[in-house]
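What you are looking at is a predicted structure, and each value in this text was computed from that prediction instead of being measured.
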Amino acid sequence: MNPTVFADIIDLLRNNADLQALLGGPYVYRAHGVQPAHIPSVTLLENNESSKLRVGYNSHRNRDNSPTLQVDIWIDTNQETAPCTGEDADMIAEQIDEILFAPGAVTGTYGWTRTSSTTQNDADIGGIHIARRYSFAYKVTDS
């Protein structure tokens, strides 16, 4: 995925006041390994990406890239204060949908859809882990 697009997505989520209120701070990170940097938090990971040449590519050098973004929501159900329940995790997930699906939210991207969502009990963190995948597209102009 284009590093600028990925950074814009992270910044968009990290700087959203409603999401910060649900998480207790700007705890949105690029995923590194399996364990999140902070709980509660949201981690993002590029899952895969495909590319399709546009009509007239030989003249204009334009193609459409279609990545799949995995967004993981991590909640510790052993803590005393929110977010600590499955309902809290669902509210965070719905807030992320609202942010990403807003028209023009991520500059230069289009066609956002959620392709899957799973909820797992995660023994490693003693909590809940929601994994959502989103697909979208953006234009690339080759030199």
Side-chain angles (χ1 to χ4, degrees), residues 1-77 79 82-143:
M1 182 182 316
N2 178 308
T4 302
V5 171
F6 196 89
D8 287 349
I9 294 167
I10 287 180
D11 289 344
L12 180 68
L13 294 175
R14 190 176 283 157
N15 295 325
N16 183 277
D18 293 332
L19 184 59
Q20 281 188 30
L22 291 169
L23 291 172
Y27 303 120
V28 178
Y29 308 100
R30 175 183 288 273
H32 295 286
V34 260
Q35 195 73 17
H38 183 273
I39 298 173
S41 67
V42 173
T43 57
L44 289 87
L45 173 71
E46 178 187 348
N47 191 274
N48 61 31
E49 185 165 21
S50 63
S51 189
K52 180 180 176 185
L53 301 180
R54 284 189 172 185
V55 173
Y57 177 81
N58 290 340
S59 299
H60 302 286
R61 313 291 289 170
N62 292 326
R63 58 189 165 92
D64 292 306
N65 279 16
S66 299
T68 299
L69 177 70
Q70 182 166 321
V71 177
D72 295 295
I73 300 154
W74 305 88
I75 299 292
D76 180 357
T77 56
Q79 64 185 5
C84 61
T85 67
E87 290 81 11
D88 292 328
D90 289 341
M91 288 182 356
I92 292 167
E94 291 307 312
Q95 181 63 40
I96 290 169
D97 277 1
E98 188 175 312
I99 295 165
L100 294 177
F101 293 154
V106 183
T107 305
T109 67
Y110 56 93
W112 281 85
T113 59
R114 180 169 17 108
T115 58
S116 69
S117 180
T118 62
T119 302
Q120 305 157 12
N121 288 323
D122 197 324
D124 291 345
I125 64 167
I128 294 171
H129 168 210
I130 295 177
R132 285 194 165 179
R133 290 188 178 162
Y134 300 87
S135 66
F136 63 97
Y138 60 94
K139 183 179 103 173
V140 175
T141 302
D142 296 325
S143 48

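Between atom OG1 of residue T109 and atom CZ of residue F136 there is a gap of 6.0 Å, rounded to the nearest 0.5 Å. Expressed to the nearest 0.5 Å, how far CZ of R63 lies from OG1 of T141 amounts to 9.0 Å. Taking CG from D8 and OG1 from T107, the interatomic distance works out to 6.0 Å, rounded to the nearest 0.5 Å.
Judged by distance alone, the side chain of N16 and the main-chain N or O of L13 form no donor-acceptor pair under 3.5 Å. Checking side-chain atoms of Q95 against main-chain N and O of I99 turns up no donor-acceptor pair under 3.5 Å.
Applying the side chain to side chain donor-acceptor pair (under 3.5 Å) criterion to D97, with sequence neighbours excluded, gives R114, R132, Y134. Annotation: ring pair (Phe, Tyr, Trp, His ring centres under 6.0 Å) contacts of Y138 (sequence neighbours excluded): none.
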Apply side-chain hydrogen bond (donor to acceptor under 3.5 Å, both in side chains) to R133 and T68, showing your working.
CA-CA 6 Å; R133 290 188 178 162; T68 299; over 6 Å; no
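Under the side chain to side chain contact (heavy atoms under 4.5 Å, CB included) test applied with P40, the options I125, I75, D76 reduce to a single match, I75.
Inter-residue side-chain proximity for D64 and K139 is flagged as met; some heavy-atom pair is nearer than 4.5 Å.
Other residues, nucleotides and ligands contribute at most 12 non-hydrogen atoms within 6.0 Å of the CG atom of N121. Atom CZ of R61 has more than 12 neighbouring heavy atoms from other residues, nucleotides or ligands inside a 6.0 Å radius.
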